[in-house]
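A note on names: the letters A, B, ... follow the listed sequences, proteins ahead of strands, and every chain is numbered from 1.
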Amino acid sequence: MTTEARLLHGTADDRLGEIADRLEGFLAADPDLSFQAAAFHDGAPVLDVWGGPHLAEDSVMVPFSVTKNTIGLSVGLLVERGELDLDALVVDCWPEFGAHGKDRVTVRQLLSHQAGLPQATPALTVAELLDDHAAAERLAATTPFWYPGTAFGYHGITIGNLASELVFRVTGRTLHEFYEQEIRAPHGIDFYLGLPADQDARKARTLPMIKPVADTSTMYASLLAPLAFGMPGPQVDLANDEVSWRFGHPAVSGTGTARGLARLFAAAVTGVDGAAPFLSAETVLTIGQQQVRGYDEVLGQPHRSHSIVFQKPTPTLAFGGPRAFGHDGAMGALACVDPDTGIAFAWTIARGPWPGGADPRALTLASDLGTILSR
Amino acid sequence: MTTEARLLHGTADDRLGEIADRLEGFLAADPDLSFQAAAFHDGAPVLDVWGGPHLAEDSVMVPFSVTKNTIGLSVGLLVERGELDLDALVVDCWPEFGAHGKDRVTVRQLLSHQAGLPQATPALTVAELLDDHAAAERLAATTPFWYPGTAFGYHGITIGNLASELVFRVTGRTLHEFYEQEIRAPHGIDFYLGLPADQDARKARTLPMIKPVADTSTMYASLLAPLAFGMPGPQVDLANDEVSWRFGHPAVSGTGTARGLARLFAAAVTGVDGAAPFLSAETVLTIGQQQVRGYDEVLGQPHRSHSIVFQKPTPTLAFGGPRAFGHDGAMGALACVDPDTGIAFAWTIARGPWPGGADPRALTLASDLGTILSR
Amino acid sequence: MTTEARLLHGTADDRLGEIADRLEGFLAADPDLSFQAAAFHDGAPVLDVWGGPHLAEDSVMVPFSVTKNTIGLSVGLLVERGELDLDALVVDCWPEFGAHGKDRVTVRQLLSHQAGLPQATPALTVAELLDDHAAAERLAATTPFWYPGTAFGYHGITIGNLASELVFRVTGRTLHEFYEQEIRAPHGIDFYLGLPADQDARKARTLPMIKPVADTSTMYASLLAPLAFGMPGPQVDLANDEVSWRFGHPAVSGTGTARGLARLFAAAVTGVDGAAPFLSAETVLTIGQQQVRGYDEVLGQPHRSHSIVFQKPTPTLAFGGPRAFGHDGAMGALACVDPDTGIAFAWTIARGPWPGGADPRALTLASDLGTILSR
C-alpha cells in the first residue's frame, strides 16, 4: 500500500498498517523528528518510508557506526570466497602487526574487538584516522591495552583502519575499494564509503542530540573510553565535515539512506531482485556467530556482544533473535538482519534521542517486523 | 535413631536430631509438602526420611535435571578407566560432530556447556530428543550459537543427547546402557535412566508449582532461553508422561528415590557397604573441578558455575564447599556430594516451591549436614 | 618547598601546595591518623611527607599486599634480561608443578592469579607459608580449584610462594635473594623482603582497623575466600610478629617506608638519581598489561583486574590511567606507577580506614599527582 498518512511518506506492505500508523504517530508527536525506515522480507521490499523536516526520500546521511556493517559484510564476502580465514593469524598476511606481543592474534580476534587496540600509543590524530594506511601502521606498532584474546572492548574507530588494512593485505585493495567494487556497485546499494561528488546535493546533516536538562549521567565507566574516543589536535565533525564523509571511514562515516542499508543486508542474506544472496547460509551463520559477550573494556558496559564486527542482539539491544546481527550508531541509527525471519531493516534519523545508541523505536520496529511478517 | 515424629518417617543419625525436628516442622507447616531426604556420611547412611501425602518411602519420581548427575558420574567412570580423555577433541571419536566450526571442540568443553548447542537448527522435536541418536545427529549438523569455548550456556536438555552419543562412540553403548550396567546395577542404586516396567507401581507424579498471585517475575533474560527450552510439535510432560520416563532422558527424566540418588554419590565418592568408591580421589577432583563460571548465555543469569556436567556451589546455590558438586532440578530436587566433608545428599519433592530450581531448604540441609557431621 | 605546616612534616614540590594542605587537613581532622606519602615524577622526588603519632620519617612497617610489587618488578627484571618467558610453561622450569592437570599452565597465567591455587589441599600452615620451598611443594601437589586459564582469583598469599619458587627454578635464588641483590641493594630501596636486624629499631606496628559499630557487611561473597585466607594451626600476626617480617613473605610481609616503595617504582620505570630505569619501556608495558578482568573467584568481587602480579586501576580503584599498575594492601597502603605520567607514588598508614584495601585518600592522591604534574 502507499501510505496515506499526512506526515509519513512512502510505501508499506499491506500487512504493515500498524507499523505505518505507529510511525505517523511518532511524526505527529514530534515535529522535529526526521527519519527514514526501510525493510526487506525474504528479499522483497516491504517498507520504504520517511518523514520530518530534516530528511527527504533520497537524503543521504552519516549514521556513524551503522557504517561498520560494510566491514562485516565485506569480510563475509572474503570468507565466502576463501580469501580470508578467520582462524588464521593476522601476521600471516600483515607481518608488521606482530610487534609487541600481537603475533598470535587471529583474524577472528582482531575483527571482534579482542586485539586490545581501541587506540594507538600515542593517540591517533584525525589525519591519521582518515587515511588508508597511517593509522593502521601506528596501531601495528602499539602494545595492546590488554593481553589479546582475554578481553574485548569496542574498537569504535580503529576497527575500520585495522579491517581496511587487513583487506588491503589480502586483496591489494582497501576496504573502501573492495566494498565499492564487489558489493555496492554490483548490487545497487545506496550506501557509500566515500560519497561521490555527484551525490553531494543529497547530503543531509546529522543534528546534535538534545541533552535533557536534568540529566547528569556519565556515559562510560571506563578508564579507556576517554582515550579511545579522544583524538589529539584539530577536531572534526565526523558526520558533517566533508573531510570525513568524503573519505568514508569504514567504522564511522559512510553515507547513505536507510533504503540502501536495508538493501545491503537483504542482498547479502536473502538476495534481492530475484538474485541469490551474495553470502551463503553457512557464511551468514559464520559472520553472525557470537564471538564475545560481557563487559566491554572500553564502553565500561557489562552486557555487550559482538559477532565478526557486528553487534549481536541482547536483552537491552533486542533487534532480533539469536541468529540476528547488525550495528547501531552513536546518534540513533540502526541496520540489522535476522536470517531466521528473513527481515533486513534499517533506520536513519537526523537527530537521535538522548543518550544515543540505537533509537529504542528502531529496535522495536526491527523486532516487530519479524514477528508480523513471519506469522 | 528412628524418628519419633508424627509426620516425618524414617531414620536419622543420633547427631541429626535438630535436622529431624526441622523437617518435622516443615511438614507441620505445610500439609501438602511431600519430600524424601537421604544422606550418607563417609559411606554410612545417616539420614533416610520422608513425609507428606504425595510421596511414600519407596515412591520414585522424576527430579528433572538432578538426573544429570548420572551423566557426570558415568563420564567420571570412563575417565577413571582411561576410556575418555577430557582434553581430546570430540571429533576424535565422533567425526560428524566437527561440522560447522566444531572440529576443535574438546570433550571438556562439550561436557561443560561450552559448545554452543543448547538447541539444534531447526529446533528439535520431542521425538528426536527421546531417541538414542536422532537429536545427537541433528546437533552435530548445527552451527553453534556462540564460538565454542568463548562462553557457556546451560544445555538443559541437549547435554543428555550429546553426552549419550559421546559415550556411545567411546564404548558402543548408550549412556543409558553404560549407566545401568556399570553403575546402577552393580551398586544397587534406586535411580533409573528408563524405569523398568516392574517398578511402575512406585511411580509418583511431579506436581506443578504454584505461582504466587502477585508474582510478575520473568524467569530468564536471555534470547536463547525460549529457543533452548521450546520444542516444536506435540508437547510432553517430561516428568509424568510415560514416553519420557520410560526412555529416561539422561538430562531430565531419570526416575528414582532420594535414597537412590544419595547412594549414587556415596558409592562414587566414599564407597558404600564397606566397598571402595568407584571413583578415585583424583577423578573426583577432576570431574568436580570448576570449568566455567559467570553469565549463562541460555539462562541469562550472571553467576552460574559448572564442573564436568555438574553444577558447582555458588553463594546463591550454597550446597557445599569449593570441592563439592551436584545438580538441582527445575522443580526443587537436589543431589550433591562434598568430598571434603564426605556428605552425599539428596532431596526429592513432589511439588517444589516457586520459582523452582533447588529448594532453598535442601541447600541449607546439604550444607548443615556437612557442618554437623564433620564437627 | 619544605612543608611549613604544623602537623605534616617533610618536603613537597612547589606545585604540590594544594596536596600538602590537603594532607595537613587530614592530620588535623584525625589525631590518630599516621601516614607516610612519597612520590617521584620522571625520577625526581616531588613528595616526601609524613605525620601522626604512630609513624616517623624513617619508620618502617608491613604494608601487607603492597609487598607484591616486589614480585612484579622482580619478574619484570627477569623478563627484561630474557631469563623468564611469560608464555613458557611453568613445567619447563618446575616439572613437579605439572601434577594434577597443571602441565599446561603458563608462567603468565601463574603470575596473574589464573592457576587456581589460592590454597593447597590440605590448607597450608603458617610454618609452610613462611618457608622458601615448603608451601610451593604443597601447591605443586594440589589440584587447582578451577580449570587453569578459565578464571582468576586472588592468590593473596600463595602467589608469593609460587613466584618465589619460579624465580628459584630459573635463577637458583629465592625471590628474596633476587630482589635483595638485583633491585633493593643496587638501587638503595628502603623496602625489604626480610628486615635486617640492624633496622629493627625503625619497625612500627600496623594497627588494627576500627570497625564501625553499625557495620554488618560481609567482606567476601565467595566460597573460596575463607579457605584461601584461613591457615590451620597456630596463627601469626603477619604485620607485627617477627616470624613474619623477618622472613619477609613476598606477597604480604615486606617491610619499609613509603619513600622506599615510591623509589622502587621510580627506579624501575623512570630511573632515579639520573640513572636509566632498570626496566625498558617495552618491559614496563609488558608487566603492566592487563591479563585478567572481571569476577575474582576468591574475593567474590565483580570488577577486579590484574596485569603480571600487579593490580590494574579500575573505576573503583582509580590510581592511574590505562597503562598504570601497582598494588594496594589489606590495611590501607598503596604503591603504584603510571608510565604515561611518570608518577611513582606510595602511601603507608599505621591504621587504615575500614573496611580496608587501598585508602581512598591514597587513590585520589595518586591520581591527582598525575594531573597536577603533567599540566
Side-chain angles (χ1 to χ4, degrees), chain A residues 89 98-105 109 113-124 138-156 158 217-230 232 292-304, chain C residues 79 85-87 106-109 111-114 148-152 280-296 301-325 336 338-341 363 366-367 370-371 374:
Chain A
L89 298 177
H100 304 296
K102 302 194 296 300
D103 51 308
R104 287 185 279 191
V105 175
Q109 291 171 329
H113 303 276
Q114 299 185 67
L117 297 171
Q119 180 55 284
T121 303
L124 297 160
R138 293 276 315 286
L139 290 161
T142 293
T143 300
F145 282 90
W146 57 84
Y147 189 62
T150 62
F152 75 97
Y154 190 46
H155 290 43
T158 58
S217 61
T218 304
M219 289 289 287
Y220 304 115
S222 153
L223 298 169
L224 276 171
L227 186 64
F229 294 113
V292 291
R293 207 208 56 76
Y295 180 87
D296 184 299
E297 297 287 332
V298 175
L299 300 180
Q301 296 173 349
H303 286 295
R304 303 282 298 191
Chain C
V79 169
D85 176 359
L86 295 176
D87 292 312
T106 64
V107 171
R108 183 183 295 282
Q109 290 170 330
L111 294 176
S112 52
H113 303 277
Q114 300 185 66
T150 62
F152 75 97
S280 68
E282 177 88 15
T283 299
V284 168
L285 291 178
T286 297
I287 63 175
Q289 185 185 54
Q290 177 181 299
Q291 302 296 309
V292 292
R293 209 210 56 75
Y295 180 86
D296 184 298
Q301 297 172 348
H303 286 294
R304 303 284 297 193
S305 177
H306 287 279
S307 65
I308 300 298
V309 182
F310 301 104
Q311 289 175 318
K312 290 292 290 178
T314 65
T316 55
L317 194 76
F319 59 76
R323 298 292 194 188
F325 54 93
C336 55
D338 190 333
D340 284 342
T341 62
L363 293 170
S367 181
T371 305
S374 55

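Per-residue heavy-atom pair counts under 4.5 Å with chain C were compared for A/R104, A/E297, A/H100, and the maximum is reached by A/E297.
The distance from the CG atom of C/D87 to the OH atom of A/Y147 is 4.0 Å, given to the nearest 0.5 Å. Note that CG of C/D340 and CG of A/L227 are 8.0 Å apart. Values are rounded to the nearest 0.5 Å. Atom CG in A/L224 sits 8.0 Å away from atom CD in C/Q290 (nearest 0.5 Å).
Interface residue C/E282: only side-chain heavy atoms are found under 4.5 Å from chain A. Residue C/T314 touches chain A through its backbone alone, counting heavy-atom pairs closer than 4.5 Å. Contact annotation for A/P226: neither backbone nor side-chain heavy atoms come within less than 4.5 Å of a heavy atom of chain C.
A donor-acceptor contact under 3.5 angstrom links the side chains of A/T121 and C/R323, judged on distance only. Inspection of the C/R293 and A/Y295 side chains reveals no N or O donor paired with an N or O acceptor under 3.5 Å.
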Checklist entry - Run the side-chain contact (heavy atoms from CB on, under 4.5 Å) check on C/Q289 and A/T143 step by step: do they pass? => result CA-CA 8 Å; C/Q289 185 185 54; A/T143 300; 4.1 Å; yes
